[in-house]
Amino acid sequence: MKGKSIITGCAGVLLAGLAAYGFYGWDAERKTVKELEAQIEELKEKEMRSTVVKSVSAQMEEIANEQREISDEKREEALQQTRVANEMRLRSEIERQNALEAERNAVASEKKALEASEVAESQRLMAEHQRIQAEFSKRKADTLSYIALGRSLGSISTIQAQAGNDEMANMLSYASYLYTTRYGGDIYYPAIFQSLMQMSKSMNTWSEHTGAVMNIEFVRGSDNKIISASNYGEIIATEWQGNRLDAKKLFNDSKYDFRDVDNQNNGSIFAISRTGHLVILHEGQRAPKILELNGIGIPMRLHRLRDNAILAVGDNGLALIDEKRMVVRATQPLPFQVIFSARKDADIVLFDDQGLSHILTGIDQYSTEKVPVAGKLTAYCYSKEYGIEAYGMSDGTIWTVDKEGEVHKLIGHRSRISKLTMNGRLLYSSSYDGSVKLWVPTNEKVEPMTLVEISNWIMHFNFDSTMKTFWMGDVKGNLTAVNISVPQMVDVIRKKIKRNLTTEEWNYYIGQDVPYETFAQ
């Protein structure tokens, strides 16, 4: 029974397997049929598309044939147009060649014309140059002639003034100035400048002192009030009003020998004497106060300090003066002998007899260096703006040292230099030879212009704040006010001219070749 069941089971399994295999074969066949049907359908579609494409290709071929016929027609037309264009290009090229030939001919003609024009222009320029040279030579000759005329007229003006003919002297002095300035001459030439000063009365002298005037100081805040001191013990206050001098003697004692004077804003006046005294005059006090300056040797200079103090310099020491309490604060001996003292900007410089300079940094402190020039120093000044130092010597020589250290020797004075002052680049000097000179030390060739020349030693001079007027004192006790403003001098002279030169006077003094001019206003 058991074996029968196994057989039955195996038969069932076999039948199931056969059934499954048969189903699988059927299904595979079914899929193959479907694939073949799909391929048939695809081939039918391709055939249909091929038929459409063939139909479209036939149509396109017909269109292409039509386009080719049209293109052939267009190409024929283009060929025809090209032939016409080539014919026109050939004609155009012929015309262009003709135009180029005409242009070459025109350029050649223009070049010949330009060459002729250049020759003409060169000849014109040469003629113009010769004309300019001739005019320049004439102007140069005229300039030299008129400058010489100006100097000659200045000399004749001085001679006429000495003869008492002021009317003619004024006219000739003005003519001298006119021709000199008009032709660029030197207005400070002695004959011209002295004539202007003389006829404008620019130098006024008053004899006020008995002794030599050793120092002149302007009253602070004023240009017409001065304080002067002499070596005969005189202190005089003067006020200049026009051509009149109002003088008042403030102190007079011949036992004093004053060398320097200073005045304060409060009216106090300090005068230092070689006798070893400081005389103080204070406004409101009847009697002067006199301080003895012991321990400084022979006093020579006063220098104002910032802290209400005045420094008195002697040949062997220094004294510090309290200007308010009018007492000596301190004294300081020096290990060298002072021969001169001056200011260098804000510093005080002491010069000794061994050729050394000492810049004070305190009453007992100083820095020392060698003076860059040799000789006995009698005057010194400094220009901070141009960095120039000037040294005046006992033999009349002036040395200048610029900021690069270059040394220049100025020769013009004949004896001791008594004072040097710089205003910008201008250097003023006075001397015992009786002259005040003006220098421009920054020029390559330095020559002096004589501003004043008298017969007495000039001991001191001082400018007012405008630098147009200076006062000088001489060894005979004279005070002299000098106006050096050329425009002011000319204005004074012009106002004095009341008539014009006659034709005869013009021809005699100026010359008939010079065009006649009128001078009277």
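Residue numbers count from 1 along this sequence.
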Visitor: Counting only N and O atoms by type, is there a donor-acceptor contact under 3.5 Å from the side chain of Ser200 to the main-chain atoms of Leu196?
Guide: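 Yes, Ser200 side chain to Leu196 backbone: donor-acceptor pair under 3.5 Å.
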Visitor: Side chains of Ser195 and Ser173: do they bring a donor and an acceptor to under 3.5 Å?
Guide: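 Yes.
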Visitor: Asp352 side chain to Gly355 main-chain N or O, any donor-acceptor pair under 3.5 Å?
Guide: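 Pair found, side chain donor or acceptor close to backbone of Gly355.
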Visitor: Asp491 and side-chain hydrogen bond (donor to acceptor under 3.5 Å, both in side chains): which partner among Arg494, Gln488, Lys495?
Guide: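 That would be Lys495; it is the only one of Arg494, Gln488, Lys495 passing the side-chain hydrogen bond (donor to acceptor under 3.5 Å, both in side chains) with Asp491.
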Visitor: Who pairs with Ser228 by side chain to side chain donor-acceptor pair (under 3.5 Å), at least two apart in sequence or on another chain?
Guide: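 Scan of Ser228 (side chain to side chain donor-acceptor pair (under 3.5 Å), adjacent residues dropped) gives His209.
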Visitor: On a heavy-atom basis, which atom in Leu427 and which in Pro441 lie closest, and how many Å separate them?
Guide: CB-CD, 4.1 Å
Visitor: Kindly give the heavy-atom pair with the smallest separation between Leu350 and Ser341, and that separation in Å.
Guide: CD2-CB, 3.7 Å
Visitor: Residues in salt bridge (charged side-chain N to carboxylate O under 4.0 Å, His left out) with Arg301, at least two apart?
Guide: Asp260
Visitor: Less than 4.5 Å apart, side chain to side chain, heavy atoms only: is that true for Glu369 and Leu356?
Guide: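 Side chain of Glu369 against side chain of Leu356, heavy atoms only: no contact under 4.5 Å found.
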Visitor: Would you sort out whether Trp439 and Ser429 count as a side-chain hydrogen bond (donor to acceptor under 3.5 Å, both in side chains), showing the intermediate values?
Guide: CA-CA 8 Å; Trp439 313 75; Ser429 62; 2.8 Å; yes
Visitor: Please identify each residue that fulfils salt bridge (charged side-chain N to carboxylate O under 4.0 Å, His left out) with Glu239, with sequence neighbours left out.
Guide: none
Visitor: Report yes if some heavy atom in the side chain of Ile216 is under 4.5 Å from a heavy atom in the side chain of Phe461; otherwise report no.
Guide: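 Side chain of Ile216 against side chain of Phe461, heavy atoms only: no contact under 4.5 Å found.
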Visitor: Check whether any side-chain heavy atom of Leu501 lies under 4.5 Å from a side-chain heavy atom of Met168, and answer yes or no.
Guide: yes
Visitor: Distance-only, no hydrogens or angles: does the Asn263 side chain make a donor-acceptor pair with backbone N or O of Phe218 under 3.5 Å?
Guide: yes
Visitor: Nearest 0.5 Å please: distance from the CG atom of Leu153 over to the OG1 atom of Thr158.
Guide: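 Interatomic distance, Leu153 CG to Thr158 OG1, rounded to 0.5 Å: 11.0 Å.
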Visitor: Is there side-chain contact between Tyr432 and Arg414, with at least one heavy-atom pair below 4.5 Å?
Guide: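 No, every pair of side-chain atoms sits at 4.5 Å or beyond.
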Visitor: State which residues pass side chain to side chain donor-acceptor pair (under 3.5 Å) with Thr378; sequence neighbours excluded, sorted by chain then number.
Guide: none
Visitor: Testing the basics here: between Met459 and Val213, what is the closest heavy-atom pair and its distance to 0.1 Å?
Guide: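 Heavy-atom minimum between the residues: CB-O, 3.0 Å.
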Visitor: Under the ring pair (Phe, Tyr, Trp, His ring centres under 6.0 Å) test, which residues partner Phe336, sequence neighbours left out?
Guide: His358, Tyr366
Visitor: Is it the case that the side chain of Ser202 and the backbone of Gln198 share a donor-acceptor pair, with hydrogens and angles ignored and the cut-off at 3.5 Å?
Guide: no
Visitor: Run the salt bridge (charged side-chain N to carboxylate O under 4.0 Å, His left out) test against Glu453 and tell me which residues pass, sequence neighbours left out.
Guide: none
Visitor: Quick one about Ser222 and Asn224 (side-chain donor to acceptor, distance below 3.5 Å, no hydrogens or angles considered), yes or no?
Guide: yes
Visitor: Give, for atom CG of Asp262 and atom NE2 of His303, the distance between the pair rounded to the nearest 0.5 Å.
Guide: 10.5 Å
Visitor: Evaluate the side-chain proximity of His460 to Asp474: yes if any heavy-atom separation is below 4.5 Å, no if none is.
Guide: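 Answer no - side chains too far apart.
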Visitor: Does a donor on one side chain and an acceptor on the other come within less than 3.5 Å for Asn507 and Gln512?
Guide: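 Checked: Asn507/Gln512 side chains show no N/O donor-acceptor pair below 3.5 Å.
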Visitor: Any side-chain heavy atom of Val482 sitting closer than 4.5 Å to one from Val436?
Guide: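 With C-beta onward as the side chain, the pair stays apart.
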Visitor: Between Asp464 and Thr466, is there a side-chain donor-acceptor contact under 3.5 Å, judged purely by atom types and distance?
Guide: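 Thr466 vs Asp464: donor-acceptor pair found between side chains.
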Visitor: Evaluate the criterion side-chain hydrogen bond (donor to acceptor under 3.5 Å, both in side chains) for residue pair Asp433 and Ser435; output intermediate values, then yes/no.
Guide: CA-CA 6 Å; Asp433 65 8; Ser435 68; 2.8 Å; yes
Visitor: Show every salt bridge (charged side-chain N to carboxylate O under 4.0 Å, His left out) that has at least one partner inside residues 191-203, sequence neighbours left out.
Guide: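 Of all non-adjacent pairs touching residues 191-203, none passes salt bridge (charged side-chain N to carboxylate O under 4.0 Å, His left out).
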Visitor: Establish, from distance only, whether the side-chain atoms of Lys437 and Thr450 form a donor-acceptor pair under 3.5 Å.
Guide: yes
Visitor: Among side-chain atoms of Asp223 and Ser465, is any donor-acceptor pair under 3.5 angstrom?
Guide: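 Yes, side-chain donor-acceptor contact under 3.5 Å.
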Visitor: Working to the nearest 0.5 angstrom, can you tell me the gap between Ser207 OG and Asn478 CG?
Guide: 4.5 Å
Visitor: To the nearest 0.5 Å, what is the distance between CD1 (Ile227) and CG (Asn462)?
Guide: 12.5 Å
Visitor: Any ring pair (Phe, Tyr, Trp, His ring centres under 6.0 Å) pairs touching residues 375-402, not counting sequence neighbours?
Guide: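 Ring pair (Phe, Tyr, Trp, His ring centres under 6.0 Å) check on residues 375-402 returns Phe351-Tyr380, Tyr380-Tyr391.
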Visitor: Donor-acceptor pair, distance only, cut-off 3.5 Å: does the side chain of Asn500 make one with the backbone of Phe519?
Guide: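 Flag set: sc Asn500 to bb Phe519 pair under 3.5 Å.
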Visitor: Walk me through whether Glu385 and Arg425 qualify under salt bridge (charged side-chain N to carboxylate O under 4.0 Å, His left out).
Guide: CA-CA 8 Å; Glu385 180 181 2; Arg425 67 190 185 95; over 6 Å; no
Visitor: Mind listing the closest non-hydrogen atom pair of Ala379 and Ser418 along with its distance?
Guide: CB-C, 4.2 Å
Visitor: Do any pairs count as a salt bridge (charged side-chain N to carboxylate O under 4.0 Å, His left out) and have a residue in residues 511-521, sequence neighbours left out, and if so which ones?
Guide: Arg182-Glu517
Visitor: Give the ring-plane orientation class for Tyr516 versus Trp506, where under 30° counts as parallel, over 60° as perpendicular and anything between as tilted.
Guide: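 Answer is tilted, since the angle falls between 30° and 60°.
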Visitor: Would you confirm whether Gln162, through its side chain, and Ile159, through its main-chain N or O, come within 3.5 Å as a donor-acceptor pair?
Guide: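 Between the backbone of Ile159 and the side chain of Gln162 there is no qualifying donor-acceptor contact (under 3.5 Å).
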Visitor: Taking side chain as C-beta onward, heavy atoms only, is Ile398 less than 4.5 Å from Leu420?
Guide: yes
Visitor: Any donor-acceptor pair under 3.5 Å linking the side chain of Ser176 with the backbone of Gly150?
Guide: yes
Visitor: So how far is it from Lys376 NZ to Phe340 CZ, rounded to the nearest 0.5 Å?
Guide: 12.5 Å
Visitor: Has Asn423 got a side-chain atom pairing as donor or acceptor with Leu426's backbone, closer than 3.5 angstrom?
Guide: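 Not confirmed, Asn423 side chain does not pair with Leu426 backbone.
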Visitor: Return the set of residues passing ring pair (Phe, Tyr, Trp, His ring centres under 6.0 Å) with Tyr509 (not counting sequence neighbours), or none when no residue passes.
Guide: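 Ring pair (Phe, Tyr, Trp, His ring centres under 6.0 Å) check on Tyr509 returns nothing, list empty.
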Visitor: How would you list, by chain and number, every residue that makes a ring pair (Phe, Tyr, Trp, His ring centres under 6.0 Å) with Phe463, sequence neighbours excluded?
Guide: Tyr428, Phe470
Visitor: Check salt bridge (charged side-chain N to carboxylate O under 4.0 Å, His left out) between Asp347 and all other residues, then give those that pass, not counting sequence neighbours.
Guide: none
Visitor: For the NZ atom on Lys476, are there more than 12 heavy atoms of other groups (residues, nucleotides or ligands in this structure) within a distance under 6.0 Å?
Guide: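 Incorrect, the count does not exceed 12.
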Visitor: Charged N to carboxylate O under 4.0 angstrom, Arg499 versus Glu167?
Guide: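 The answer is yes: the pair qualifies as a salt bridge.
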Visitor: Of the non-hydrogen atoms in Asn215 and Arg259, which two are nearest, and what is the gap between them?
Guide: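 Of all heavy-atom pairs spanning Asn215 and Arg259, the closest is CB-O, 4.1 Å.
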Visitor: Under the 3.5 angstrom rule, does the side chain of Asn170 hit a backbone N or O of Asp166 as a donor-acceptor pair?
Guide: yes
Visitor: When you compare the side chain of Phe193 with that of Tyr177, does any pair of heavy atoms fall below 4.5 Å?
Guide: no
Visitor: Write down the atom of Gly375, the atom of Met393, and the distance for their closest heavy-atom approach.
Guide: C-SD, 3.9 Å
